[in-house]
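Inspection log for the structure reproduced underneath, given as structure tokens.
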Number of protein chains: 2
Amino acid sequence: MISNSGVKAMNIMTIGQIARNSGTSIETIRFYEREGLIEKPPRTESGYRNYRPDVISRLSFIREAKSLGFSLMEIKELLSLKFSPETNCGDVRSQAEKKILDIEHKIDSLQRMKQALVKLVTACPGSGPTSECPILEAMETKKLG
Amino acid sequence: MISNSGVKAMNIMTIGQIARNSGTSIETIRFYEREGLIEKPPRTESGYRNYRPDVISRLSFIREAKSLGFSLMEIKELLSLKFSPETNCGDVRSQAEKKILDIEHKIDSLQRMKQALVKLVTACPGSGPTSECPILEAMETKKLG
DNA sequence: ATAAACCCTGCACCCTACTCCAGAGTCAAT
DNA sequence: ATTGACTCTGGAGTAGGGTGCAGGGTTTAT
């Protein structure tokens, strides 16, 4: 290796270090790279991937968004709201507005679900044979959808 | 057919009617039955499934919960949260409490995501290039997850 | 009584999102 | 200079969640 002679660039990491720090496996990181969810990082002379640490938060974001029911496709869209010098601000804006509505709907549904469960828990000591399925009932009467 | 002679039981539906009314395909309904997410309905003499209309809201709930990032397994657990003579109150209660925490975490994450997007939209002048839209920054710095 | 529209089972297949090799090269420490 | 931990590519395999027939009965309208 020839580079890295004078200054030690301590802000680059191997894929293994990124994996350990992000809770995402090496294989998955490479998979996300193939799928375009994270940028192709520069390589060393020998071909090793060379990451800047900020890819870690991107990976955390992906993990979080997945657990909220977004597909990798949707996550890609969310992420691309930043990196598109081509598209104009209006496009991004309306995209973002759509996502906001989507998210608001999700929050709503979760709040109704939570309410149903809270009701179930507080009614618990009574222990009588309550309704067949409290969560379903709560969701039904409030007309989810 | 011999039954159904005197009284017309109008509150039963075929699988096709359920499918059309719930937005879930026939195949998927049968799949959910195999997986135990919905009860096996009674059958006609000829073997046709005979549903009561309330299965529709159960299917809607499943669809909703899926979009919120719950797996079919988790949905099964959510649906089974009720007091039955078999399970004791403590079990149900602690199960429900775990689900509540889970849901609260999801709501939190969604709210942070929404905030990031709202910030993006309000920071967006509505035209021009988007080289430095604040969305990813907002998401990264807030340390989602 | 015949066609169109349904429904049945069983099984193969598909998509998404990974996960796991094999075979080979690289790096750090001893 | 060798060992052991690490990385590379390419490709096959897996789990979860459906989807699509084929082959064959059933219902309903005409």
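Order of the sequence lines fixes the chain letters, A, B, ..., with proteins taken first and strands second; residue numbering starts at 1 for each chain.
Residues that satisfy the side-chain contact (heavy atoms from CB on, under 4.5 Å) test with A:S25, not counting sequence neighbours, are A:E27, A:T28. With sequence neighbours excluded, the residues forming a side-chain hydrogen bond (donor to acceptor under 3.5 Å, both in side chains) with A:S46 are A:T44, listed by chain and number. Residues forming a side-chain hydrogen bond (donor to acceptor under 3.5 Å, both in side chains) with B:E35 (at least two apart in sequence, or on another chain): none. Considering only residues two or more places apart in sequence or on other chains, A:S71 meets the side-chain contact (heavy atoms from CB on, under 4.5 Å) condition with A:M73, A:E74.
Put simply, CD on A:E45 is 15 Å from C1' on C:dG25, counting in whole angstrom units. Put simply, CD1 on A:I38 is 14 Å from C1' on C:dC18, counting in whole angstrom units. Here C:dC18 presents its C1' atom at 15 Å from CZ of A:R63, a figure rounded to the nearest Å. Nucleotide C:dA17 holds its P atom 17 Å from the CD1 atom of A:I29, rounded to whole Å. Distance, B:I12 CD1 to D:dT27 C1': 13 Å, rounded to whole Å. Taking atom CD of A:Q17 as the reference point, atom C1' of C:dT26 lies 15 Å away to the nearest angstrom.
For B:E39 and B:R58, the salt-bridge test fails: no basic side-chain N is under 4.0 Å from an acidic carboxylate O.
A continuous path of Ile, Leu, Val, Met, Phe, Trp and Tyr side chains, each step under 4.5 Å between heavy atoms, connects A:V118 with B:I103, placing both in one hydrophobic cluster.
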At under 4.0 Å between heavy atoms, how does the protein contact nucleotides 8-22 of chain D? Give one character per nucleotide, 5' to 3', with B, S or -. SB-------SBSBB-
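Using a 4.5 Å cut-off on side-chain heavy atoms (C-beta onward), A:Y48 and A:I15 make no contact. In this structure, A:T24 and A:I56 have side chains that are not in contact, with every pair of non-hydrogen atoms separated by 4.5 Å or more.
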For nucleotides 28-30 of chain C, print each protein N/O atom paired with a nucleotide N/O atom at under 3.5 Å, atom names and distance only.
none

